[in-house]
Amino acid sequence: MPALPLDPGHSYLLRGPEEQGRFGAALAAALPPASVLFLEGELGAGKTTLTAGLIGALGFAGAVTSPTYALMHVYPTPAGRVLHVDAYRVRDVQELYELDLEDLIEGSRLSVVEWGEGLYADYPAAPILRLEHLADEENGRRVTRVR
Ligand SMILES: Nc1ncnc2c1ncn2[C@@H]1O[C@H](COP(=O)(O)OP(=O)(O)OP(=O)(O)O)[C@@H](O)[C@H]1O
């Protein structure tokens, strides 16, 4: 598997949504089939922008929108199905299992999971990226690979 373009414990500054999307796109080749990518970051931290770049790089040409209200979006790509899950409101991880999430992940090209702490132990190989706003006077976001 190619290395992610970021080592654990390291950060990048992403200046603007275009860079944010390009960073997401650069992750695509590093994430093998059936893999999981965990994203952390408050409202507006750029999770959807990064994910859109990633899904676009897998060949999906349509719009990618925040899964906050739907809990999960499913994108068909030429490389296989991509899941974009927002687990924030799922208090009980059991609810995720009731969705058969494990099987869905297994059958997908990639699953991007926001706020999926409850699943971190189940997917120990999955990278965790944290997105943060920079200070007000700076334009951009910091992305840190937590794991
Ligand atoms: N690196 C960046 N620098 C500056 N602005 C950015 C950057 N990345 C994304 N943005 C902008 O920040 C806004 C919020 O981004 P986005 O919708 O991706 O956040 P989100 O984390 O998915 O939010 P939500 O939690 O609401 O789903 C958008 O207007 C986007 O263009």
Side-chain angles (χ1 to χ4, degrees), residues 1-14 17-134 140-147:
M1 162 172 58
L4 278 193
L6 191 59
D7 289 326
H10 287 71
S11 297
Y12 274 155
L13 298 187
L14 299 167
E18 252 182 61
E19 267 189 44
Q20 188 92 7
R22 273 206 300 275
F23 179 81
L27 299 176
L31 296 164
S35 61
V36 175
L37 172 67
F38 290 113
L39 295 182
E40 300 178 348
E42 63 190 25
L43 219 70
K47 303 182 295 297
T48 301
T49 307
L50 186 153
T51 303
L54 178 44
I55 293 175
L58 292 173
F60 181 75
V64 172
T65 56
S66 172
T68 299
Y69 299 103
L71 208 64
M72 177 163 70
H73 286 160
V74 181
Y75 297 96
T77 83
R81 178 178 69 196
V82 175
L83 308 181
H84 187 191
V85 181
D86 184 337
Y88 187 75
R89 289 172 308 152
V90 182
R91 313 219 168 251
D92 183 356
V93 175
Q94 198 54 40
E95 280 185 47
L96 284 176
Y97 289 122
E98 282 162 17
L99 285 173
D100 287 327
L101 192 67
E102 258 181 311
D103 288 345
L104 283 170
I105 288 171
E106 192 53 43
S108 297
R109 167 63 186 82
L110 169 69
S111 299
V112 179
V113 183
E114 301 182 2
W115 298 106
E117 299 91 293
L119 296 169
Y120 286 177
D122 291 333
Y123 294 93
I128 302 169
L129 299 180
R130 180 175 299 148
L131 301 171
E132 290 163 303
H133 288 82
L134 297 180
R141 307 285 187 266
R142 176 183 295 106
V143 55
T144 302
R145 183 170 173 193
V146 176
R147 179 175 83 183

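With rounding to the nearest 0.5 Å, the separation of CG in L110 from CG in L37 is 6.5 Å. Of the inter-residue distances, the one linking T49 atom OG1 with E19 atom CD reads 12.5 Å to the nearest 0.5 angstrom. D86 contributes atom CG, which lies 10.0 Å from atom CG of L39 (distance to the nearest 0.5 angstrom). Annotation: the span from R109 atom CZ to R81 atom CZ amounts to 13.0 Å, rounded to 0.5 Å.
Judged by distance alone, with hydrogens and angles left aside, the side-chain atoms of K47 form a donor-acceptor pair with the main-chain N or O of G41 at under 3.5 Å. At distances below 3.5 Å, at least one donor-acceptor pair connects side-chain atoms of Y12 with backbone N or O atoms of P5.
Closest of all the heavy-atom pairs between E106 and A34 is O-CB, 3.6 Å. Scanning all heavy atoms of the two residues, the minimum distance from V113 to A87 falls at CG1-CB, 4.4 Å. Taking all atoms of both residues into account, the shortest heavy-atom contact from I128 to E40 is CG2-OE2, 3.8 Å.
A heavy-atom distance below 4.5 Å is found between the side chains of V143 and F23. A heavy-atom distance below 4.5 Å is not found between the side chains of H10 and R145. With contacts defined as side-chain heavy-atom distances shorter than 4.5 Å, the pair L4/L31 qualifies. In this structure, the side chains of L119 and L101 come closer than 4.5 Å at one or more pairs of heavy atoms. Here the side chains of T51 and V82 are not in contact, with every heavy-atom distance at 4.5 Å or above.
Heavy-atom neighbours of E18 CD from other residues, nucleotides or ligands within 6.0 Å: at or below the threshold of 12.
No cation-pi contact links R147 to F38, judged by a cut-off of 6.0 Å to the six-membered ring centre and 45° from its axis.
Between H84 and Y75, the angle of the ring planes lies from 30° to 60°, which puts this pair in the tilted group.
Between T144 and R130, the side chains place no donor N or O within less than 3.5 Å of an acceptor N or O (distance only, hydrogens not considered).
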